[in-house]
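Just follow the structure's listing: the first ligand is 1, and inside any ligand the first atom is 1. None of these values were measured; they are calculated from a predicted model. Heavy atoms only: backbone and side chains are in, while hydrogens, waters and symmetry mates are out.
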Amino acid sequence: MFSYRHAFHAGSHADVLKHTMLIAILRHLTQKDAGLTVIDTHAGAGLYRLDGDYAGTSGEAADGVVKLFAALAPADGAKAAILDVAPLLQDYLEMVAGFNPSGQLKIYPGSPFIVQQLLREEARDKLKLFELHPTDSKALAANIAQLKAGRQVAVARQDGFEGLKAFLPPPSRRALVLIDPSYEIKSDYAKVSACIQDSFQRFSTGTYAVWYPVIPRPEAHELPRRLKTLATQAGKPWLHATLAIGQADDRNIPGEPDRGQGLTASGMFVVNPPHTLKPALQAALPQLLQLLGRGRGKGQIVESGG
Ligand code: SAM
């Protein structure tokens with residue numbers, strides 16, 4: 001069960017989509033004075049080295065954040081590939097750059113650190129983190145301890161699907177829940193649907209963001225459909241965005257070992273999204289596709305309902 005380590009995938013195109021949307025949602029939710037509770041049910045280790053052994057093994061950041069920085073913040077004063085960068089992407093770039101003051105891309109912030117950056121002390125915003133992997137939960141606790149964030153951030157080595165229940169509804173009555181499992185075991189898909197259904201009953205006005213991989217597996221195909229049905233039945237607005245970077249031609253060279261395509265597409269499904277999210281994504285995703293898209297199968301979708 002515990003073979004998944006997010007360090008292999010940190011900064012991938014999937015992280016770029018997920019974290020760009022996460023920042024956009026949080027920017028909106030922190031505009032109101034009232035306190036916000038953010039719950040990250042599958043938190044990972046929090047911080048990742050892009051030059052470390054794990055990241056180097058699969059090189060997924062090379063097709064994600066590294067490519068984005070090379071195009072939009074090129075070294076040696078070269079011209080950026082896009083001059084009028086969409087505000088959502090600009091915000092994401094600035095967030096990642098903030099963790100790399102030397103100007104070289106060495107550290108990638110996971111969702112816990114991205115969220116923590118955007119919390120407000122004066123509003124008493126809170127962050128609850130769940131991580132079940134023994135090594136990652138230790139790393140997460142150690143990384144978070146360095147922030148000296150006190151009671152603002154809590155880490156639990158616990159099943160996030162179960163742990164979430166105790167926090168809904170939050171005392172603040174305002175919450176963002178990020179549900180970002182590794183989907184290593186296919187029961188994760190059903191658990192996500194059950195978790196959303198249960199959460200609606202506990203706290204239907206929260207914002208829920210679910211990440212999922214777009215892969216040829218019936219459960220993965222079914223998940224966004226199921227989430228649309230659940231949101232519609234509950235009378236809640238939803239937004240669904242996908243980014244597919246397509247096939248890399250250089251991965252399967254005749255006569256050479258198949259290096260595999262890795263994950264080529266992913267999606268985020270958001271219930272009760274900020275009304276600003278759809279137009280902002282409609283500006284940002286075509287740019288992401290232009291910069292990260294590789295070949296056959298590339299595309300992006302932004303759709304909403306409710
Ligand atoms: N949310 C993180 C981010 O954006 O930086 C990445 C999370 S990663 C995709 C999924 C994480 O969930 C892994 O670190 C894995 O160890 C952890 N995990 C798997 N099953 C879990 C469960 N039932 N409860 C909590 N964490 C779990």
Next on the checklist: Contact between ligand 1 and Ile114 is defined here as a heavy atom of the residue under 4.0 Å from a ligand atom; is it met?
Outcome noted: no
Item to check | Close approach, His19 and ligand 1, non-hydrogen under 4.0 angstrom | outcome: yes
Checklist entry - In chain order, what residues pass the side-chain hydrogen bond (donor to acceptor under 3.5 Å, both in side chains) check against Lys138, with sequence neighbours excluded? => result none
Next on the checklist: For Tyr189 and Tyr183, I'd like to know if the aromatic rings sit close, meaning centre-to-centre distance below 6.0 Å.
Outcome noted: yes
Item to check | Note: Arg124-Glu121 ion pair, threshold 4.0 Å (strictly below) | outcome: no
Item to check | Proximity of Leu132 to ligand 1 by residue part, where a heavy atom lies under 4.0 Å | outcome: both
Checklist outcome for this item: Nearest heavy atom to atom 10 (C) of ligand 1, choosing from Leu129, Asp188, Asp180, belongs to Asp180
Next on the checklist: For the residue pair His19 / Tyr108, report whether a side-chain donor-acceptor contact shorter than 3.5 Å exists.
Outcome noted: yes
Checklist entry - Which of the numbered atoms in ligand 1 are below 4.0 angstrom from a heavy atom of Ala43? => result 1 (N), 2 (C)
Checklist entry - Quick one: which ligand 1 atoms are inside 4.0 Å of a heavy atom on Gly160? => result 22 (C), 24 (N), 25 (C)
Next on the checklist: Using a strict threshold of under 4.0 Å (side-chain N to carboxylate O), is an ion pair present between Glu303 and Lys228?
Outcome noted: yes
Item to check | Arg120 with Glu122: basic N within carboxylate O range, under 4.0 Å | outcome: no
Next on the checklist: Which of the numbered atoms in ligand 1 are under 4.0 angstrom from any heavy atom belonging to Gly110?
Outcome noted: 5 (O)
Checklist entry - Should Tyr48 be counted as touching ligand 1, given the test is an N or O pair under 3.5 Å? => result no
Checklist entry - Among His133, His9, Glu131, which one has a heavy atom closest to atom 17 (C) of ligand 1? => result Glu131
Next on the checklist: Check this for me, if you would: do Lys18 and Asp180 make a salt bridge, where the nitrogen-to-carboxylate-oxygen distance has to be below 4.0 angstrom?
Outcome noted: yes
Next on the checklist: Before you tell me yes or no, could you show the steps for Ser266 and Trp211 under side chain to side chain donor-acceptor pair (under 3.5 Å), namely the whole-Å CA-CA distance, both residues' side-chain angles and the distance that decides it to 0.1 Å?
Outcome noted: CA-CA 7 Å; Ser266 71; Trp211 178 88; 3.2 Å; yes
Checklist entry - Which ligand 1 atoms does Thr41 reach within 4.0 Å, using its non-hydrogen atoms? => result 24 (N), 25 (C), 26 (N)
Item to check | Element-labelled atoms of ligand 1 that are located less than 4.0 Å from some non-hydrogen atom of Gln158 | outcome: 24 (N), 25 (C)
Item to check | Residues that Arg27 engages under salt bridge (charged side-chain N to carboxylate O under 4.0 Å, His left out), provided they are two or more places apart | outcome: Asp91
Checklist entry - For ligand 1, which atoms sit closer than 4.0 Å to a heavy atom of Asp136? => result 14 (O)
Checklist entry - Counting both backbone and side chain atoms, is some N or O of Ser182 under 3.5 Å from an N or O of ligand 1? => result no
